[in-house]
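To start, the structure under review is shown below, and the notes come after it.
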Amino acid sequence: MSLAAYCVICCRRIGTFAPRSKSHTPWRNIRNIIRFTGSLIVGGSLFITYEVLALKKSLMLDTQVVEREKMKSYIYVHKAPEDSFDNRGGIVWQARKELHRAVRKVLAAAAKVLRNPFADSFSTADIEDHDCAVWLLLKRSRADDLAVRLEAVRELSRARHWHDYQYRIIAQACDPRTLIGLARSKESDLRFFLPPPPLPSLKEDSTEEELRHLLASLPQTELDECLQYFTSLALSESSQSLAAQKGGLWCFGGNGLPYAESFGKVPSATVEMFCLEAIVKHSEIPSHCDHIEAGGGLQLLQRLYQLHKDCPKIQRNVMRIIGNMALNERLHPALVHSGWVSLMAEALKSCHIMEASHAARILANLDRETVGEKYQDGVYVLHPQCRTGQPIKADVLFIHGLMGAAFKTWRQHDSQRALTESAVVDEDRYTTCWPKTWLAKDCPALRIISVEYDTSLSDWRATCPMERRKSIAFRSNELLGKLRAAGVGDRPMIWVSHSMGGLLVKKMLLEASKKPELSAVINNTRGIIFYSVPHHGSRLAEYSVNIRYLLFPSLEVKELSKDSPALKMLQDDFLEFAKDKNFQVLNFVETQPTFIGSMIKLHIVPVESADLGIGDLIPVDVNHLNICKPKTKDAFLYQRTLQFICETLARDLEN
């Protein structure tokens, strides 16, 4: 305003000057013009400088925001009162508006000319110098080029010296792809992940009733007899009658009894557990997953997950359901927005192998940037569980046996447990899963997969009425489909099996040889390791009829009988097939009897039954349960296994 007034006054003075003599007029006119022009230039420069400084100040973050962010989880940008914007008319307002627009165009043009990395979305006028790296990485994480995005996520995950508010900026501004990538990065800081949204209040009186309501709302179509049985059981029985009458149903979930010695112990069951077991099977049907999400299942499962942190069985089943839902890409936005990525990012860093492996499966199914495979229920990647720059050149698959589990079967020998219970865990001294720790460290170029399936010794516990589901033929086809979905067969591979798991491996390979679409599984199989596999039957099935029906009447045990025609046919067919394909084979066999319960002592797989007919046969002075559990990393059992894997895959690993 002052500049405009000054210009008007000068013009009036020039207009009101009295006429002078001709000799003085030219000089005085020139002096007046210079005075006017100089005033205009100086005033204009001051005006432009003021407006540029005002623009910069208006685009700067209030420093108090940083202090507030240290206490809170959100960024608050200072906003001027609305009253200050009421008077927007006049020439000055329009001039400032046009000047601001011109400055922005100049900044954008400079960014393009100088190849400034903050072109387009961000400019150096928007942020402070110490925040440039944050916003630059955030911009690159949204680039169209996949390689640029992945490198940006890697750099974000390595950030170690940022302030808390800078992590929160990324947490609030990143897209789902970046969030999932950070969750699957081993070194990422948990401050990248906001806490899950608040859970809605319960509609029913308890989580038990909520679960019942959710289960009852699921479709009753596309259900086999087994799922119908479990659904009706969970809905109709009270928690007391379930615990008293159907105590064996807990085996349905996958782990079953971890060791044969504990088969007589019945764990306490709850309605939540039985409902979760049924929902696990419902979640294997894609259309039912939509109903689970629409019925508020993601929030209800999250409530159960947080309430039962001291109950691994409930947490395991909750994560199995979420992992199955993550197989459906249309549900990925709902899983991200409900906060499951944040929870699984924390679980992936857990020292407990079960929790970390389930979280790794969920995040791998969510990560469509770097993972092409899909991991169905019961297929767990032990290595690598995070994003890695290490190229994977081969697969090693672990298949447990009767009453085994995907993780506990492959733990270290129990005699060493006492050495580390009161000390800091050293995985070279004791490990709860030696393929994940020892083998992954010795052979980092391997993808290590462990498979889990249901088994039982006794049919007098509550089990699925469909007996055919427990046969070796049914299970082999089911597992073969799951493994192929996980990309098994795309790389060279070795099978490692214990007990009945070896029979499943043999049956899977024979079935794959009959199907052209599975020929890759056969062509890429390099070798097989058998730990006490009863190729010719087991003494477990040699007891009298009364004892067998009291203790071991399950179909799995019956198929292990020496006089089983199916077992003899499987052995004859596979032996001929393995010789024709020139598979490398290594056999281990126990020499000590195994205690089953507190009364029975049995040599489950004798030496003659563990002899496949090809490959080395190595007796080991352990019982049936410990034949696949090395005492130490330097023990012969592990070192001979490692040697076989390295020698069999030597050419593939070199390539």
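Both backbone and side-chain heavy atoms feed into the values below; hydrogens, waters and symmetry mates do not. Numbering of residues begins at 1 and proceeds along the displayed sequence. Quick caveat, the model's predicted, so the values are computed rather than measured.
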Full working for side chain to side chain donor-acceptor pair (under 3.5 Å) between Ser338 and Gln299: CA-CA 7 Å; Ser338 59; Gln299 290 75 22; 5.1 Å; no

Flag, side chain of Glu452 to backbone of Ser450, donor-acceptor distance under 3.5 Å: no

Distance, nearest 0.5 Å, that separates CD1 of Ile285 from CD1 of Ile292: 9.5 Å

For the student: nearest non-hydrogen atoms of His413 and Lys629, plus distance: CB-O, 3.5 Å

Close side-chain approach of Val336 to Ile180, heavy-atom, < 4.5 Å: yes

Point-to-point distance, once rounded to the nearest 0.5 Å, from CZ of Arg191 to OG of Ser188: 11.5 Å

Pairs satisfying salt bridge (charged side-chain N to carboxylate O under 4.0 Å, His left out), at least one member in residues 392-405, at least two apart: Asp395-Arg447, Asp395-Arg491

With Phe398 via ring-ring contact (aromatic ring centres under 6.0 Å, His included) - residues at least two apart: Trp410, Trp434

Contact check, side chains of Ile448 and Lys436, non-hydrogen atoms, under 4.5 Å: no

Within residues 360-384 or reaching into it, pairs that qualify as ring-ring contact (aromatic ring centres under 6.0 Å, His included) - sequence neighbours excluded: His358-Tyr380, Tyr380-Phe407

Min side-chain heavy-atom separation Thr641-Tyr531 under 4.5 Å: yes

Worked check of side chain to side chain contact (heavy atoms under 4.5 Å, CB included) between Lys506 and Phe530: CA-CA 10 Å; Lys506 292 161 61 176; Phe530 295 110; 4.1 Å; yes

Reported CD1-to-OG distance for the pair Ile604 and Ser499, which is rounded to 0.5 angstrom: 7.0 Å

Whether Arg484 side chain and Gly481 backbone form a donor-acceptor pair below 3.5 Å: no

Student check: side-chain heavy atoms of Phe192 and Asp189 closer than 4.5 Å: yes

Heavy-atom check, side chain of Arg149 versus side chain of Thr178, under 4.5 Å: no

Glu511/Lys507 salt bridge by N-O under 4.0 Å criterion: yes

Worked verdict on Gln412 versus Thr432 for side chain to side chain contact (heavy atoms under 4.5 Å, CB included): CA-CA 6 Å; Gln412 187 176 344; Thr432 55; over 6 Å; no

Distance-only polar pair, side chains of Tyr638 and Asp442, donor-acceptor under 3.5 Å: yes

Glu373 (side chain) donor-acceptor with Ala486 (main chain) under 3.5 angstrom: no

Leu343 and Gln306: CA distance, side-chain angles, deciding distance, side chain to side chain contact (heavy atoms under 4.5 Å, CB included) verdict: CA-CA 10 Å; Leu343 294 175; Gln306 294 176 346; 4.0 Å; yes

is_close_aromatic(His624, His498), centroid dist under 6.0 Å: yes

N/O donor-acceptor pair under 3.5 Å between His213 side chain and Glu209 backbone: no

Closest approach of Ser497 to Gly502 (non-hydrogen atoms, all atoms of both residues): OG-CA, 3.2 Å

Residue pair Val381 / Ser357, side-chain heavy-atom distance below 4.5 Å: no

Inter-residue atom distance Leu276.CG - Ile321.CD1, 0.5 Å rounding: 5.0 Å

Nearest atoms (heavy-atom pairs only) where Pro492 meets Leu649: CB-CD2, 4.2 Å

Side chain to side chain, Glu478 and Leu504, heavy atoms closer than 4.5 Å: no

Ile314 and Met273: CA distance, side-chain angles, deciding distance, side chain to side chain contact (heavy atoms under 4.5 Å, CB included) verdict: CA-CA 6 Å; Ile314 288 182; Met273 272 297 302; 3.5 Å; yes

Taking every non-hydrogen atom, the tightest pair across Asp175 and Ser141: OD2-O, 4.3 Å

Nearest non-hydrogen partners of His291 and Ser287, listed with the distance: CD2-O, 3.1 Å

Spacing of Leu446 atom CG and Leu397 atom CG [to the nearest 0.5 Å]: 11.0 Å

Partner set under ring-ring contact (aromatic ring centres under 6.0 Å, His included) for Trp495, not counting sequence neighbours: none

Check against side chain to side chain donor-acceptor pair (under 3.5 Å), Thr231 and His282: CA-CA 9 Å; Thr231 301; His282 276 280; 3.2 Å; yes

Considering all heavy atoms, the nearest Leu382-Cys433 contact: CD1-SG, 3.7 Å

Flag, side chain of Ser217 to backbone of Leu214, donor-acceptor distance under 3.5 Å: yes

From CA spacing to verdict: salt bridge (Lys or Arg N to Asp or Glu O under 4.0 Å), Arg387, Asp367: CA-CA 10 Å; Arg387 285 188 177 182; Asp367 186 7; 3.0 Å; yes

Pair listing, salt bridge (charged side-chain N to carboxylate O under 4.0 Å, His left out) test, anchored in residues 286-307, at least two apart: Asp290-Arg330

Rounded distance (nearest 0.5 Å) linking atom OG of Ser350 with atom NE2 of His352: 5.0 Å

All pairs passing salt bridge (charged side-chain N to carboxylate O under 4.0 Å, His left out) where residues 345-365 contributes a residue, at least two apart: none

Donor-acceptor pair, side chain of Thr388 and main chain of Gln390, under 3.5 angstrom: yes

Side-chain heavy atoms of Leu331 within contact of Leu298, under 4.5 Å: no

Heavy-atom donor-acceptor pair, Thr525 side chain to Val521 backbone, under 3.5 Å: yes

